[in-house]
Amino acid sequence: MSDLRTALLEELRAIAAQPVPAFDPDLDGDYAATGRRLPFEAQYFARRRHLAALAVVGEGPALSALLKDVCQERSWALPAHWDAEGDPRTCVDLFACETAQTLAEILRLREDVEGAEAVAAEIRARVLDPFFEADYPFHWEERISNWTAVCAGAAGMAALALGYDTDVVRARVLPALQGYLFSFGPDGGCVEGVDYWVYGFGYFTYFAEAWLAATGEDLLAGNEAIAAFPARAQLYPGSFATFGDTGADALLPLGLLARLHDRLGTPLPAAARVQTFADDACARWAHLTRTLDWGRPLGTSVEPERSLLADVGWFVERRRIGRRMWALAVKGGYNDEPHNHLDLGSFLIAVDGEQLLCDPGAGEYTAAYFGPERHEQVHPSAAWHSVPTVEGAAQQPGDDSRAELVDTGTGLDVYIDAYGDGALIRRFDWGAEGVTLEDFGPEITETFVSRIRPELDGTRAVWAGERGTLVLHGVNAEDALVDSVDTTDHRGAPDRLWALRFGLGGGLRFELL
């Protein structure tokens with residue numbers, strides 16, 4: 001713990017010693033003009049990172065000056081979340097609530113802030129008054145997702161830090177958080193994936209601990225299954241199933257995970273390395289400060305395990321073959337999930353965390369990515385997941401497109417109703433010769449997606465990775481084709497996906513080398 005804390009404090013001192021990042025307020029119009037979010041958000045989060053560093057290790061005058069600048073921002077919400085009919089200044093989104101919590105806790109932490117009353121007034125005017133005095137529910141209180149926990153939890157922590165009466169906080173925050181908990185089934189799986197579990201359940205946990213300190217009431221008790229989700233979704237240390245809008249390198253806040261283990265006894269995931277504050281692209285004050293207070297390094301190894309999360313529709317199995325850890329993960333669920341992709345029956349095969357057949361995870365967030373054409377974008381589309389077409393039809397979006405997972409003991413059956421009049425059954429079986437796949441349905445055209453270009457050799461396809469090789473037997477050589485697409489990942493970096501497509505002619509077997 002002391003080494004972790006020392007390393008974080010050194011990192012914060014290095015950040016605080018740098019000049020305050022430039023901030024161009026006119027960039028807030030870039031989203032409306034281009035649909036891109038990253039240009040404005042990069043400077044927004046750079047400012048938040050510097051603010052956190054100054055709050056923990058900086059001098060009072062520099063901190064006070066930056067707090068004043070933050071209070072003069074047009075909005076604490078991101079432009080992508082502004083309501084066209086509303087005032088951006090009082091837009092209560094994820095980051096407005098996070099900013100309110102950050103500033104309120106800085107005021108409690110630091111007695112040397114100049115203009116503290118003005119800062120507190122901004123917190124109330126921009127977030128707490130619109131939230132606690134509203135006589136209608138916000139959209140994130142009705143459509144349950146990570147937003148519900150982050151917005152309610154962060155606003156609740158801000159109110160507690162400013163000394164609000166706990167009855168006021170209870171009346172508005174606790175119903176929202178209870179609704180968030182109701183979004184989980186008995187298996188504790190998160191339909192939004194590990195990244196958004198960290199975000200949503202993280203802020204639930206942080207508020208729950210603040211609430212426990214303020215009232216003695218324990219909101220965490222009984223949530224062991226939810227707390228165990230990352231360990232059950234893990235492929236390898238630092239690597240998780242990337243279904244939905246999940247990244248390949250999930251953030252693992254050490255304070256959050258240690259606290260859940262200490263309080264609930266839940267298993268901890270393993271990490272490939274100790275993460276830094278810089279690893280959090282959004283520079284979240286809550287993750288940083290709770291890691292400073294509670295954190296300790298995670299273990300660095302995982303054991304073989306088989307997990308079926310039937311409620312959320314995830315299957316993950318890890319097997320050690322020789323010195324390497326292979327993993328198979330399969331996706332069920334429904335095609336109207338938060339951060340939905342058209343991915344029912346999709347699967348990935350990984351070795352030591354390297355996905356040889358991949359799930360593409362999250363793409364760059366743009367206006368189109370969250371608009372009516374979402375499922376035409378590369379990462380959420382059916383065309384760039386390892387799912388077939390049935391009678392020429394791709395999967396359809398909507399709540400009535402569903403897939404049920406059934407554990408067979410040696411493998412998994414997936415019953416998919418997502419193709420209009422067509423249906424599909426996928427049968428996975430992991431035996432001594434590798435993973436066999438049988439697809440049952442009319443006129444099936446297979447698709448297998450990877451970030452590695454497949455090499456075709458007659459009825460075989462080979463994906464040669466850095467940590468292992470995957471060989472597919474049973475390719476229809478007569479019509480097999482390989483195509484690719486160049487796109488951008490969640491952080492805007494170039495991302496190339498490869499797809500092998502062919503008409504199904506018989507059984508398929510993946511050899512793991």
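All of these numbers come straight from a predicted model, not from anything done at the bench. Atom set for the values below is all heavy atoms of this structure, side chains included, hydrogens, waters and symmetry mates excluded.
- Side-chain contact check for Trp384 versus Val485: some heavy-atom pair is nearer than 4.5 Å.
- Within a 6.0 Å sphere centred on CD of Gln72, heavy atoms belonging to other residues, nucleotides or ligands number more than 12.
- Using a distance-only test at 3.5 Å, with no hydrogens or angles considered, no donor-acceptor pair links the side chain of Glu98 to the main chain of Trp285.
- Ion pairing of Glu73 with Arg89 is absent here, as no side-chain N (NZ or NE/NH1/NH2) approaches a carboxylate O to less than 4.0 Å.
- Under the 30°/60° scheme for interplanar angles, the aromatic rings of Phe138 and Phe131 are found to be tilted.
- Side-chain contact check for Trp211 and Glu217: at least one donor-acceptor pair (N or O, by modelled atom type) lies under 3.5 Å.
- Between Ile15 and His50, the closest side-chain pair of non-hydrogen atoms falls below 4.5 Å.
- Ionic pairing of Asp26 and Arg74 is not present here: no N-O contact between side-chain nitrogen and carboxylate oxygen is shorter than 4.0 angstrom.
- With Phe370 as the aromatic partner, Arg374 meets the cation-pi criteria of under 6.0 angstrom to the ring centre and within 45 degrees of the ring axis.
- Side-chain contact check for His379 and Asp489: no donor-acceptor pair (N or O, by modelled atom type) lies under 3.5 Å.
- Looking only at side-chain heavy atoms (C-beta outward), Leu160 and Thr166 come within less than 4.5 Å of each other.
- Note that Arg36 lies outside the cation-pi zone of Tyr31, set by a 6.0 Å cut-off to the ring centre and a 45° limit from the axis.
- Residue Phe207 forms a side-chain contact (heavy atoms from CB on, under 4.5 Å) with just one option from Leu212, Val150, Val169, and that option is Val169.
- Side-chain atoms of Gln355 and Thr242 form a donor-acceptor pair, as typed in the model, at a separation below 3.5 Å.
- Not one N or O on the side chain of Thr300 forms a donor-acceptor pair closer than 3.5 Å with the backbone of Ala272.
- Under a 3.5 Å cut-off, the side chain of Thr266 and the backbone N or O of Ala228 do not form any donor-acceptor pair.
- Here the two rings, on Trp197 and Phe184, have centers that are 6.0 Å apart or farther.
- A donor-acceptor pair under 3.5 Å links the side-chain atoms of Asn340 to the main chain of Asn335, judged by distance alone.
- Listed here is the closest heavy atom pair of Gly255 and Trp294: O-CE3, 3.6 Å.
- Listed here is the closest heavy atom pair of Pro130 and Val127: CD-O, 3.3 Å.
- Judged by distance alone, the side chain of Glu105 and the main-chain N or O of Ala158 form no donor-acceptor pair under 3.5 Å.
- Inspection of the Tyr206 and His287 side chains reveals an N or O donor paired with an N or O acceptor under 3.5 Å.
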**OP:** Would you please test Glu41 and Arg491 for salt bridge (charged side-chain N to carboxylate O under 4.0 Å, His left out) and show each step?
**Re:** CA-CA 11 Å; Glu41 292 178 13; Arg491 299 300 170 203; over 6 Å; no

**OP:** In sequence, state the C-alpha distance, the side-chain angles, and the governing distance for Val92 and Cys97, and then conclude on side chain to side chain contact (heavy atoms under 4.5 Å, CB included).
**Re:** CA-CA 6 Å; Val92 182; Cys97 294; 3.5 Å; yes

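- Under 4.0 Å is where a charged nitrogen must lie from a carboxylate oxygen, and between Glu122 and Lys68 no such pair does.
- Put simply, the side chain of Asp93 gets close to the backbone of Leu78: a donor and an acceptor are under 3.5 Å apart.
- Under 4.0 Å is where a charged nitrogen must lie from a carboxylate oxygen, and between Asp399 and Arg402 at least one such pair does.
- Using cut-offs of 30° and 60° on the angle between ring planes, the pair Phe23 and Phe40 is perpendicular.
- Of the possible donor and acceptor atoms, none in the side chain of Asp30 sits under 3.5 Å from a partner among the backbone N and O of Leu27.
- Taking 4.0 Å as the cut-off between side-chain N and carboxylate O, Arg259 and Asp293 do not count as a salt-bridged pair.
- Listed for the Asn223 side chain is a donor-acceptor partner under 3.5 Å among the backbone atoms of Leu219.
- A donor-acceptor pair shorter than 3.5 Å can be found between the side chains of Thr488 and Glu364.
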Original post:
side chain to side chain contact (heavy atoms under 4.5 Å, CB included) between Ser307 and Glu317: does it pass, once the steps are laid out?
Top reply: CA-CA 6 Å; Ser307 295; Glu317 182 173 5; over 6 Å; no

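- Among Val20, Leu66, Asp69, the single residue meeting the side-chain contact (heavy atoms from CB on, under 4.5 Å) criterion with Leu51 is Leu66.
- Checked by atom type, the side-chain pair Trp82/Ser75 shows a donor-acceptor distance below 3.5 Å.
- Distance CD/Glu192 to OG/Ser183: 7.5 Å, rounded to 0.5 Å.
- Checked against the 6.0 Å centroid criterion, the rings of Phe243 and His341 do not qualify as a close aromatic pair.
- Listed for the Arg47 side chain is no donor-acceptor partner under 3.5 Å among the backbone atoms of Ala22.
- Across every non-hydrogen atom of Ala96 and Ala77, the tightest pair is CB-N, 4.0 Å.
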**OP:** Could you check Arg48 against Thr99 for side chain to side chain donor-acceptor pair (under 3.5 Å), going step by step and ending with a plain yes or no?
**Re:** CA-CA 8 Å; Arg48 295 303 187 270; Thr99 300; 3.2 Å; yes

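- Contact between Leu257 and Leu268 at its shortest, heavy atoms only, is O-CD2, 3.1 Å.
- Across Leu94 and Cys151, no two heavy atoms sit closer than the pair N-SG, 3.6 Å.
- Below 30°, between 30° and 60°, or above 60°: for Phe95 and His81 the angle between ring planes is below 30°, a parallel geometry.
- With hydrogens and angles disregarded, a donor-acceptor distance shorter than 3.5 Å links the side chain of Tyr180 to the backbone of Phe201.
- Rounding to the nearest 0.5 angstrom, the gap separating the CZ atom in Arg451 from the CD atom in Glu354 is 11.5 Å.
- Checked for salt-bridge contact, Arg273 and Asp279 meet the test: a charged N lies under 4.0 Å from a carboxylate O.
- Counting only heavy atoms from C-beta outward, the side chains of Arg296 and Leu254 never approach each other to under 4.5 Å.
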Original post:
Glu209 and Arg263: salt bridge (charged side-chain N to carboxylate O under 4.0 Å, His left out), yes or no, with the steps?
Top reply: CA-CA 10 Å; Glu209 292 299 87; Arg263 292 271 277 107; 3.0 Å; yes

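- Considering Asn146, Val194, Leu251 in turn, Asn146 is the only one that fulfils the side-chain contact (heavy atoms from CB on, under 4.5 Å) rule with Tyr199.
- The environment of CD in Glu59 is sparse: at most 12 heavy-atom neighbours from other residues, nucleotides or ligands sit within 6.0 Å.
- A salt bridge is absent between Asp129 and Arg124: the closest approach of a Lys/Arg side-chain nitrogen to an acidic carboxylate oxygen does not fall below 4.0 angstrom.
- Between the side chains of Thr6 and Asp3, no donor-acceptor pair of N or O atoms lies under 3.5 Å.
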Original post:
Could you go step by step and tell me if Asp24 and Gln43 meet the side chain to side chain contact (heavy atoms under 4.5 Å, CB included) rule?
Top reply: CA-CA 8 Å; Asp24 179 1; Gln43 65 173 11; 3.7 Å; yes

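- Closest heavy-atom contact between Leu344 and Ala418: CD1-CB, 3.9 Å.
- With respect to the salt-bridge test (charged N to carboxylate O, under 4.0 angstrom), the residues Asp187 and Arg232 do not qualify.
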**OP:** Could you give me the CA-CA distance, side-chain angles and deciding distance for Leu288 and Asp280, then say whether side chain to side chain contact (heavy atoms under 4.5 Å, CB included) is met?
**Re:** CA-CA 9 Å; Leu288 170 68; Asp280 184 356; over 6 Å; no

